[in-house]
Amino acid sequence: MKRKQSGLSLLGFLVVLAVVGFAAYIGMKLFPMYQEYYSVQSAMKGLANEPGVADMDPAKVQDLFFRRLYINYSENVKPQNVKFERIESGWRMRVNYEVRRPLVGNLDVVGRFDKTQDLTRRGGGG
């Protein structure tokens, strides 16, 4: 007995289309958040490789950090999100920030990011 293949019904196609569309919508909301996080991470690693950064004043290091972020159009990291802690051979820089984007109605997507980088005389680490 041979069965006839009927394929996907119109209702099934619409359900698949709705699921794929919703996943793409979520991806469009999340992608800029992680792109900004990557920019923060790159700026911190770039600072760690900057000569003499371990001996600079934290305000100067913070200024260099925000100049690098400005190039990448980062807008969610504020100066109050950046903390410095003195360590044995330089500074430990910590950037802790939160990004909130509206999703649907009263639902939001919230991303919390926390990155620590040691700024030492030996270069990048942590």
Side-chain angles (χ1 to χ4, degrees):
M1 181 170 164
K2 192 172 185 176
R3 292 185 65 192
K4 180 182 173 194
Q5 291 185 347
S6 59
L8 195 63
S9 68
L10 178 62
L11 183 62
F13 176 72
L14 290 177
V15 168
V16 169
L17 189 65
V19 169
V20 170
F22 188 70
Y25 181 71
I26 299 262
M28 288 189 314
K29 293 290 182 178
L30 293 178
F31 181 75
M33 297 165 78
Y34 282 95
Q35 186 178 22
E36 184 176 34
Y37 177 68
Y38 179 74
S39 297
V40 168
Q41 202 172 9
S42 297
M44 292 174 81
K45 285 185 178 180
L47 274 179
N49 294 325
E50 189 84 19
V53 72
D55 299 322
M56 288 183 189
D57 183 58
K60 175 72 175 167
V61 176
Q62 186 170 334
D63 182 52
L64 290 173
F65 175 68
F66 279 102
R67 284 184 189 188
R68 290 170 187 252
L69 284 185
Y70 181 74
I71 293 171
N72 293 316
Y73 304 106
S74 175
E75 58 187 26
N76 292 303
V77 180
K78 307 292 182 220
Q80 62 266 21
N81 302 125
V82 181
K83 304 286 184 218
F84 290 93
E85 175 188 339
R86 188 60 143 162
I87 58 173
E88 186 176 320
S89 58
W91 296 100
R92 176 166 291 146
M93 180 179 182
R94 181 176 182 209
V95 178
N96 185 359
Y97 67 102
E98 181 177 297
V99 180
R100 180 177 296 266
R101 302 253 187 244
L103 184 64
V104 177
N106 60 356
L107 297 176
D108 289 348
V109 174
V110 179
R112 295 185 63 201
F113 300 96
D114 190 5
K115 177 73 179 161
T116 303
Q117 177 73 46
D118 288 344
L119 308 173
T120 62
R121 291 179 184 92
R122 288 174 280 143

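Below, all heavy atoms of this structure are taken into account, side chains as well, without hydrogens, waters or symmetry copies.
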Salt bridge between R68 and E50, side-chain N to carboxylate O under 4.0 Å? yes
Are Y34 and Y25 in one and the same hydrophobic cluster, where Ile, Leu, Val, Met, Phe, Trp and Tyr link if side-chain heavy atoms are under 4.5 Å apart? yes
Look up atom CD in E85 and atom CE in M93, then write down how far apart they are to the nearest 0.5 Å. 13.5 Å
Going by the rule ring pair (Phe, Tyr, Trp, His ring centres under 6.0 Å), which residues pair with F84 if we only count those two or more places apart in sequence or in a different chain? none
Looking only at non-hydrogen atoms, find the nearest pair between G90 and R121 and report the distance. N-NH1, 4.3 Å
Looking at CZ of R92 and OG1 of T120, how far apart are the two atoms once the value is rounded to the nearest 0.5 Å? 10.0 Å
Minimal non-hydrogen separation, V53 against W91, with atom names: O-CD1, 3.9 Å
Counterpart residues, side chain to side chain donor-acceptor pair (under 3.5 Å), relative to N96 (two or more places apart): none
Selection residues 103-112 - residue pairs positive for salt bridge (charged side-chain N to carboxylate O under 4.0 Å, His left out), sequence neighbours left out: E98-R112, R100-D108
Suppose we screen for salt bridge (Lys or Arg N to Asp or Glu O under 4.0 Å). Which residues come up paired with R67, at least two apart in sequence or across chains? D63
How many angstroms lie between atom CD of E75 and atom CD of E36, to the nearest 0.5 angstrom? 6.5 Å
Taking ILVMFWY side chains as joined if any heavy atoms are under 4.5 angstrom apart, and letting links pass through other members, which residues group with V16? V20
Can you classify the ring geometry of F113 versus Y37 as parallel (below 30°), tilted (30 to 60°) or perpendicular (above 60°)? parallel
Quick one: side chain to side chain contact (heavy atoms under 4.5 Å, CB included) partners of V109, sequence neighbours excluded? L30, M33, L103
Atom pair OH/OG of Y38 and S74 - distance to nearest 0.5 Å: 14.0 Å
Measuring from atom CG of D118 to atom CE of M44, what distance do you get when rounded to the nearest 0.5 angstrom? 9.0 Å
Just how far is it from atom OG of S39 to atom CG of N76, taken to the nearest 0.5 Å? 11.0 Å
Can you hop from V104 to M28 via hydrophobic side chains spaced under 4.5 Å? yes
